[in-house]
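See below for the structure under consideration.
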Amino acid sequence: MESGLVASHRLRLPPLPSAAHAHLLRHRRLALAATPLRLPTTPLRQPAALPLRPCLKPLRAASLASPAPAPDNSPKFLGVDLLTLKKIVPLGLMFFCILFNYTILRDTKDVLVVTAKGSSAEIIPFLKTWVNLPMAIGFMLLYSRLADVLSKEALFYTVIFPFIAFFGVFGYVLYPMRDAIHPTALADRLLASLGPSFLGPVAILRVWSFCLFYVMAELWGSVVISVLFWGFANQITTVEEAKEFYPLFGLGANVALIFSGRTVKYFSNMRQNLGPGVDGWAISLRGMMSIVVILGLVIASIYWGVNKFVIDKTSLPVERKKKNKPKLSMGESLKVLVSSRYVRDLATLVVAYGISINLVEVTWKSKLKAQFPSPNEYSSFMGDFSTATGIATFTMMLLGRIIFRKFGWGVAATITPAVLLATGVGFFSLLLFGEPLTPLLAKFGMTPLLAAVFVGALQNIFSKSAKYSLFDPCKEMAYIPLDEDMKVKGKAAIDVVCNPLGKSGGALIQQFMILSFGSLANSTPYLGGILLVIVLAWLGAVKSLDSQFSSLAKEDLEREQTLKAETIETTAQVVGTGNGSLNGNGATPTNGAVIKPSQEPESTASEKSGQQSQ
């Protein structure tokens with residue numbers, strides 16, 4: 001009650017002055033206005049006991065404080081802006097459908113070209129080098145031309161609809177007519193004249209429609225996923241939205257892999273419920289291509305709906321200017337690789353990964369055909385393989401952060417080649433020395449061939465899961481400690497030389513071995529030896545790069561800490577100088593007269609810091 005009375009007393013207005021009092025005040029103001037202003041001849045001193053610090057520091061803080069941001073009144077759901085959800089949810093559904101289709105197409109393309117009559121896994125290295133690569137280059141040249149004349153929406157439809165139409169036509173027209181459109185007799189004559197070493201190249205002509213399906217399935221992964229989807233996602237999302245939701249797309253991709261693997265397994269087992277004389281694989285293929293067409297139309301519909309009802313063309317994120325990255329020639333790239341030991345070791349990682357994967361994968365698929373010669377059986381196994389790959393990749397993406405945090409870069413980079421070495425040695429050992437192990441494996445209900453298939457499957461599952469969870473992060477982290485010039489030039493050199501060399505190097509080695517020794521089976525011992533040498537070189541590069549990376553990372557960390565300390569010290573000095581000028585420690589003009597600083601003893605650094613913290 002008492003405090004309330006005091007407050008009311010302080011707020012009470014003073015009584016109005018009388019007329020005489022007002023006249024006297026007006027007379028005094030006129031007298032003061034007529035008197036000239038005289039400044040003191042001696043400098044004024046600020047009283048030492050004047051408590052300016054408590055009252056001026058809040059004023060300074062208030063003047064330096066940035067204006068408070070306007071409250072965000074946009075509608076939210078689960079803490080996320082509704083407009084963001086309207087973009088992210090359709091994008092996630094699009095990505096799921098694209099990856100679902102890609103898994104079906106990837107498993108089916110291998111079944112077609114490997115199990116076809118007159119073909120085998122030996123066709124794959126020739127197909128990748130002499131058909132897939134030229135068509136990919138031609139497609140990207142055509143895409144660049146179309147991008148110059150079409151709008152983004154028209155370009156999207158122009159690219160995706162031919163894919164959808166081809167896969168539908170293949171399932172319902174081309175595959176049922178395969179005997180009529182494939183030049184089997186011509187291929188037989190060519191093979192007889194050239195010899196069995198040319199089984200792979202001749203098979204490309206023999207089953208040309210299957211090879212066309214193989215290329216279109218590969219292009220679906222590189223064009224529809226990398227170009228169409230990510231181009232659209234980057235177009236409509238902001239940087240903040242991308243940082244928050246793009247990692248979830250990676251996890252969703254593995255969920256799609258799991259479900260699509262189950263779908264392949266279901267359609268592949270349809271043959272068991274059909275009568276004798278029915279082409280079960282044709283029915284399974286028709287069902288899977290129907291799903292691909294339906295989901296392709298769903299993808300196009302989502303794209304249309306987002307552009308029609310969600311995206312406001314006037315409020316799209318501003319396109320960021322592209323940085324001028326150096327486009328090095330082949331000679332300049334080689335010069336950069338030779339000049340830096342660090343970049344050479346990093347290049348060894350990239351090349352060794354690409355070659356190792358190709359060497360084991362093609363050999364494994366040849367043994368897979370020997371174990372499962374029927375297209376339905378082969379496809380059923382690939383469905384299980386895709387499901388296992390999705391589960392393993394999902395798990396490894398969650399464990400990858402723990403591995404980096406607890407064990408560091410060196411251990412994370414060593415895991416991939418170490419496991420590839422162990423599974424590779426087991427795989428080739430079962431192929432070369434499996435006969436003595438036959439009685440032991442029989443106790444587990446397996447033959448050496450089946451055991452080799454399972455070990456090869458484990459190797460491929462881990463290699464695909466490790467690429468996204470360990471190998472790619474390790475590779476990108478290795479660029480961080482480099483200086484800006486070497487960071488840009490080294491990455492450009494690896495992109496120009498090492499990525500193509502890693503992808504095509506394995507295929508070229510296999511082609512040379514097949515043509516030299518007559519078949520992939522005859523080349524197996526030599527391929528195993530080459531794999532051993534490459535993985536050992538990979539491990540050596542990891543060890544060398546780890547020592548360099550650790551020292552560079554330590555120097556980079558020390559540099560950042562020093563820079564941070566200097567920044568804090570400079571900021572403290574600026575703040576101290578500003579406070580001093582307000583507190584009598586500097587000169588401040590007042591009505592034209594200079595107020596000199598008072599002669600106070602200098603305070604120590606600890607006292608200053610204590611004063612600034614008050």
Side-chain angles (χ1 to χ4, degrees), residues 74 76-106 136 139-140 143-144 146-148 150-164 217-257 259-260 292 295-323 325 390 393-394 397 467-469 472-473 476 495:
S74 58
K76 298 180 180 297
F77 179 75
L78 298 177
V80 182
D81 189 82
L82 279 182
L83 179 60
T84 300
L85 286 179
K86 289 179 181 179
K87 294 187 293 185
I88 296 301
V89 172
L91 283 176
L93 185 57
M94 279 183 66
F95 198 51
F96 181 91
C97 294
I98 292 172
L99 267 296
F100 195 99
N101 276 359
Y102 180 57
T103 304
I104 293 177
L105 297 173
R106 185 182 60 190
F139 184 90
M140 294 313 298
Y143 181 86
S144 301
L146 293 176
D148 293 335
L150 297 177
S151 65
K152 292 183 178 179
E153 292 186 41
L155 181 63
F156 186 94
Y157 299 131
T158 303
V159 172
I160 197 170
F161 279 133
F163 280 98
I164 298 173
E218 287 284 337
L219 288 177
W220 178 275
S222 58
V223 174
V224 179
I225 296 176
S226 302
V227 178
L228 295 187
F229 173 78
W230 286 115
F232 179 55
N234 294 335
Q235 174 193 349
I236 67 174
T237 56
T238 63
V239 176
E240 291 75 15
E241 292 169 344
K243 290 180 179 179
E244 185 175 359
F245 293 102
Y246 276 13
L248 298 180
F249 289 165
L251 296 177
N254 296 293
V255 176
L257 196 62
F259 282 98
S260 57
V292 170
L295 291 183
L297 295 176
V298 170
I299 294 166
S301 301
I302 294 174
Y303 180 82
W304 175 84
V306 171
N307 281 282
K308 181 71 174 179
F309 301 108
V310 177
I311 301 303
D312 182 8
K313 299 295 191 300
T314 60
S315 62
L316 286 177
V318 179
E319 292 188 3
R320 295 173 289 277
K321 294 183 178 180
K322 296 183 179 179
K323 297 180 179 180
K325 297 182 179 179
T393 307
F394 189 92
M397 291 182 73
K467 173 176 173 54
Y468 302 107
S469 59
D472 285 346
E476 297 303 325
D495 290 341

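Side-chain atoms are counted along with the backbone in the values below, which use heavy atoms only and exclude waters and symmetry mates.
- Minimum heavy-atom separation, M140 to V227: CE-CG2, 4.3 Å.
- For the side-chain contact (heavy atoms from CB on, under 4.5 Å) test, residues two or more places apart in sequence or in another chain that qualify with P90 are I302, V306.
- Counting heavy atoms from C-beta outward, I88 and L248 have side chains that stay 4.5 Å or more apart.
- Residues satisfying the side-chain contact (heavy atoms from CB on, under 4.5 Å) criterion with L150, sequence neighbours excluded, are L146, A154, L155, T158.
- Note that CD1 of I104 is 11.5 Å distant from CG of L99, once rounded to the nearest 0.5 Å.
- Put simply, the side chain of I236 reaches to within 4.5 Å of the side chain of L91, judged on heavy atoms.
- In this structure, R106 and L257 have side chains that are in contact, with non-hydrogen atoms separated by less than 4.5 Å.
- When the side-chain hydrogen bond (donor to acceptor under 3.5 Å, both in side chains) test is applied to T103, the partners found at least two apart in sequence or on another chain are S260.
- Residues passing the ring pair (Phe, Tyr, Trp, His ring centres under 6.0 Å) test with F163 are W220, sequence neighbours excluded.
- Note: S222 OG to Y102 OH = 8.0 Å, rounded to the nearest 0.5 Å.
- Listed by chain and number, the residues in a side-chain contact (heavy atoms from CB on, under 4.5 Å) with A136 are L219 (sequence neighbours excluded).
- In this structure, CD on Q235 lies 8.0 Å from CD1 on I311, to the nearest 0.5 angstrom.
- In this structure, CD1 on I299 lies 11.0 Å from CZ on F95, to the nearest 0.5 angstrom.
- Applying the ring pair (Phe, Tyr, Trp, His ring centres under 6.0 Å) test to W304 and every residue at least two apart in sequence or in another chain returns F309.
- Under the 6.0 Å cut-off for aromatic ring centres, F259 and F100 do not qualify, their centroids lying 6.0 Å or more apart.
- Partners of Y303 by ring pair (Phe, Tyr, Trp, His ring centres under 6.0 Å), not counting sequence neighbours, listed by chain and number: F156, Y157, F232.
- Taking both residues in full, the closest heavy atoms of I225 and W230 are given as O-CD1, 3.1 Å, listed atom of the first, atom of the second, then distance.
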